[in-house]
Amino acid sequence: MIYNIIVLVKQVPDTKNITVDAMKPDGTVNRAALPTIFNPEDLNALEEALKIKDEYGAKITVLTMGPPNAADVLRQSLFLGADDVILLSDRKFAAADTLATSYALSLAIKKIGKFDLIIGGRQAIDGDTAQVGPQTAEKLKINQVTCVDDIVKLTNDNITVSRTTDHGFETLKAKLPILLTITSEANIPRPPSVKKTLTYKNAISLIEKHDYDEKYLHSNDINKPFIITTWNHEDINAKIDQCGLSGSPTQVKQIKNIVLEVGESKEIENSDIGIKSLISELLSEHIIG
Amino acid sequence: MNSNEVWTYIEIHNGKIADVSLELLGKAQDLAKKLSVKCGAILLGENLNTYYEMLFQYGADIIYSAEDSILKKYAPLPYTKTVCEIIEKYEPQIVLYGATVNGRDLAPRIASKLKVGLTADCTELQIGDYEKKQKGKVKKYKNILYQIRPAFGGNIIATIVSPNHRPQMATVRPGVMKINKHDKSNSGKVINIKTDIPQELLITEIIEIIKKEKTVDLNSSSIIVSGGMGVGSKENFQLIHKLAKTLGGVVGASRAAVDAGFINSDHQVGQTGTTVQPKLYIAAGISGQIQHIAGMSNSNRIIAINTDKDAPIFQIANYGIVGDLNEVIPKLIETFKKLKK
Ligand SMILES: Cc1cc2nc3c(=O)[nH]c(=O)nc-3n(C[C@H](O)[C@H](O)[C@H](O)COP(=O)(O)OP(=O)(O)OC[C@H]3O[C@@H](n4cnc5c(N)ncnc54)[C@H](O)[C@@H]3O)c2cc1C
Ligand SMILES: Nc1ncnc2c1ncn2[C@@H]1O[C@H](COP(=O)(O)O)[C@@H](O)[C@H]1O
């Protein structure tokens, strides 16, 4: 049997490389100044799907919700071996919290239709929330296993996985369909395929800025670029009041730059005398000893 | 029935209440007092009466107890259904969950089903007012839960609110809140919940559980000696081990030191490691990036040892020693041994 797999990926600001330019003077984040990357654990999620494709056969559809330039992570997914990609993009989806995100994703998944497995990353590095996976599973009324570090076995109707817990590992067997979230321990993502990169490097969503003539893009020319399926809120029958900002229960009240509190601070002289007085003080206050 | 209470979801592991649940119960008790409402605990599983006394002592006024052998082990579907039913029936205004692996598996499903907000990994929770400007009008909310957490890789602190939805829900990492002093005289009421779990929700089977003993429990000691990149090598990390041993403490590390292979990740302190609040925290060769500080700044006393006098760690240290840790640490060990006698 061929497994139908949907992989959830997100384009995120590269929080590891935040520079001063990334902060506006009022302390809010200037997203535009941040380089964007493929969320690291989503690459692990896609790799697990590709491993299943290699071993058992699968059709992999990669889904992302984001602004038009999130098409970038879909192009990368095609380079890596995804069979199809879908961009969910609409101004109405903007500023979604995890609940509104999972609402839109779950409707898009229903529109895709058939699936045996949905695979996402454990968490996205922009918020580290790890909520979108379980919230999407709940909306689809399907089972889930989070923090999966290994897919041990797959049969026609069930899957065996290893999961990282707070106390070690557990091996679980569960029925398909199911949603899994994958940790970075699961695998080392493969590099993009050169051949696929050449095939898909011009892949484009019609909502991206492009120099092509629409007519050409809709023509039958075999050299025309691959068109990335793009859906807005109407395409997935989403209720506007459940999308984006209006569908998000959580609101940001305030954002603050971190200001280190300067406590009572003593410089200890780096000498025998300095260190002796420090140790004496800590001993007499029963902090040590 | 709108109870308006403040609840904690109690996590049981191997017949024991998780520490984080007691930490949260303390916080829930404080929040409940501010709001002049009762503090509740939700408990699912088997032989639950063995936990009641402890939960009362640590702050619960009411225990919602869902006893069912099917709930013996955590599984997302039956747990989501049961907790949602209890919340829908008794309508608390706030529910807190430990940000453990299972807490983070369960809480988002509940939020999704109830269509309410959930804020992950809060480091502080407060009650306060909130004003929102909308179409020129100002809407005022009283006594809202402020859910405070780091965001964007720890570079900023955000205060999140969900003013229009109940319950307001948040997860909190273990070790962030302090356990309230327990009160032996405290007692309360138990409400037994009738469970109804259809067979078709039992579709995950646990085949095997492998325990991995952590090489260190950072919260077990009142003294932590942490090393960073400045230690230079795995071999040289012996110096950190030696100081920790001398002082009777345990060894911590920065993520950079873990990534460099100086020590394993169980020792990592910080935003993506363990949050600690020891009596004494010694940071040697650690620059003090915000993600590290997020995990240790609540320590009682902090000593920083760094060759760079401008290292940010000195801004939060109570005692700063500008110097090479290779000279300073042996001196500390020697002096301690001498003075202790
Ligand atoms: C999303 C995210 C999450 C993160 N989570 C964590 C986390 O949980 N915990 C964490 O620690 N980090 C975390 N980090 C990484 C963090 O940003 C820093 O990179 C890390 O803390 C740096 O470790 P360090 O201070 O040991 O190394 P460095 O920053 O390289 O500092 C080394 C210090 O040693 C000093 N030094 C050098 N030689 C000597 C000597 N002989 N004697 C004394 N001092 C010396 C130097 O002056 C310098 O200050 C995270 C980063 C991101 C983006
Ligand atoms: N906008 C999105 N589009 C597609 N998948 C997403 C999106 N946001 C989150 N996910 C998936 O959910 C996981 C957890 O995200 P988060 O809850 O934001 O930490 C990610 O690793 C992705 O697999």
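By convention in this document, chain letters (A, B, ...) are assigned in the order of the sequence lines, proteins followed by strands, and residues within each chain are numbered from 1.
- Listed options B:T171, B:L118, B:I209, B:T119 were ranked by heavy-atom pairs under 4.5 angstrom with chain A; first place goes to B:L118.
- Counting heavy-atom pairs closer than 4.5 Å to chain B, the top-ranked of the candidates A:G247, A:A130, A:S248 is A:A130.
- For the residue pair A:E281 / B:Y319, a side-chain donor-acceptor distance below 3.5 Å is found, with atom types taken as modelled.
- Residues B:I110 and A:E138 are not in side-chain contact: their nearest non-hydrogen atoms beyond the backbone lie 4.5 Å or more apart.
- With contacts defined as side-chain heavy-atom distances shorter than 4.5 Å, the pair B:K113/A:Q135 does not qualify.
- Across A:K253 and B:D129, no two heavy atoms sit closer than the pair CE-O, 3.9 Å.
- For a residue to count as touching a neighbouring chain, one of its non-hydrogen atoms must lie under 4.5 Å from one of that chain's; by this rule B:I160 touches chain A with backbone and side chain alike.
- Of all the heavy atoms in B:D121 and A:D128, the pair that sits closest is OD2-O, 4.1 Å.
- Interface remark: of the candidates B:Q147, B:R149, B:K338, B:R149 forms the most heavy-atom pairs closer than 4.5 Å to chain A.
- When B:K279, B:H165, B:E131 are compared by the number of non-hydrogen pairs under 4.5 Å with chain A, B:H165 comes out ahead.
- Residue contact with chain A, scored on non-hydrogen atoms closer than 4.5 Å, is absent for B:K309.
- With a 4.5 Å cut-off on side-chain heavy atoms, B:N164 and A:Q251 count as touching.
- Counting heavy atoms from C-beta on, the side chains of A:I288 and B:L280 come closer than 4.5 Å.
- For the set A:E170, A:K173, A:R122, the entry with the most heavy-atom pairs within less than 4.5 Å of chain B is A:K173.
- For A:D116, there are no salt bridge (charged side-chain N to carboxylate O under 4.0 Å, His left out) partners at least two apart in sequence or on another chain.
- Here the straight-line distance linking atom CD1 of A:I273 with atom OG1 of B:T335 works out to 11.5 Å at 0.5 Å rounding.
- Within the 4.5 angstrom heavy-atom criterion, only side-chain atoms of B:T80, from C-beta onward, approach chain A.
- Among residues at least two apart or in separate chains, side-chain hydrogen bond (donor to acceptor under 3.5 Å, both in side chains) pairs with a member in residues 202-212 of chain B are A:N143-B:T204.
- Heavy-atom proximity under 4.5 angstrom to chain B picks out nothing from residues 178-186 of chain A.
- For chain A, the nearby parts of B:V328 are the backbone and the side chain; heavy atoms of each come within less than 4.5 Å.
- With a threshold of 4.5 angstrom between heavy atoms, B:Y146 approaches chain A through side-chain atoms but not through N, CA, C or O.
- Separating the CG atom in A:L172 from the CD1 atom in B:I207 is a distance of 7.5 Å, to the nearest 0.5 Å.
- Considering only heavy-atom pairs separated by less than 4.5 Å from chain A, the leading option among B:A120, B:G320, B:G117 is B:G320.
- Proximity of A:T171 to B:I206: side-chain heavy atoms (C-beta onward) are nowhere separated by under 4.5 Å.
- Between B:F336 and A:I279 the shortest heavy-atom distance is CA-CG2, 3.9 Å.
- Residues B:S112 and A:L99 meet the side-chain proximity criterion, which asks for heavy atoms closer than 4.5 Å.
- Using a 4.5 Å heavy-atom threshold, the side chains of A:Q123 and B:R104 count as touching.
- Residues satisfying the salt bridge (charged side-chain N to carboxylate O under 4.0 Å, His left out) criterion with B:D259, sequence neighbours excluded, are B:R255.
- Contact between B:P76 and A:Q144 at its shortest, heavy atoms only, is CG-O, 3.7 Å.
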Assess whether side chain to side chain contact (heavy atoms under 4.5 Å, CB included) is satisfied between B:V322 and A:I268, documenting all intermediate values. CA-CA 8 Å; B:V322 179; A:I268 304 293; over 6 Å; no

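- Within the 4.5 angstrom heavy-atom criterion, atoms from both the backbone and the side chain of B:N102 approach chain A.
- Between B:D324 and A:N270 the shortest heavy-atom distance is N-ND2, 4.4 Å.
- B:K81 NZ: more than 12 foreign heavy atoms inside a 6.0 Å radius.
- The candidate from A:K266, A:H167, A:E267, A:K175 with the greatest count of non-hydrogen atom pairs under 4.5 Å with chain B is A:H167.
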Full working for side chain to side chain contact (heavy atoms under 4.5 Å, CB included) between A:I255 and B:I157: CA-CA 6 Å; A:I255 281 181; B:I157 293 277; over 6 Å; no

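- Within a 6.0 Å sphere centred on CD of B:Q199, other residues, nucleotides and ligands contribute 12 heavy atoms or fewer.
- Proximity to chain B (any heavy atom under 4.5 Å) is restricted, for A:S271, to the backbone atoms N, CA, C and O.
- Using a 4.0 Å cut-off between a side-chain N of Lys or Arg and a carboxylate O of Asp or Glu, B:D105 and A:R163 qualify as a salt bridge.
- Comment: A:E285 engages B:R301 in a salt bridge, judged by a side-chain N to carboxylate O separation of less than 4.0 angstrom.
- The shortest distance between side-chain heavy atoms of A:C147 and B:V101 falls below 4.5 Å.
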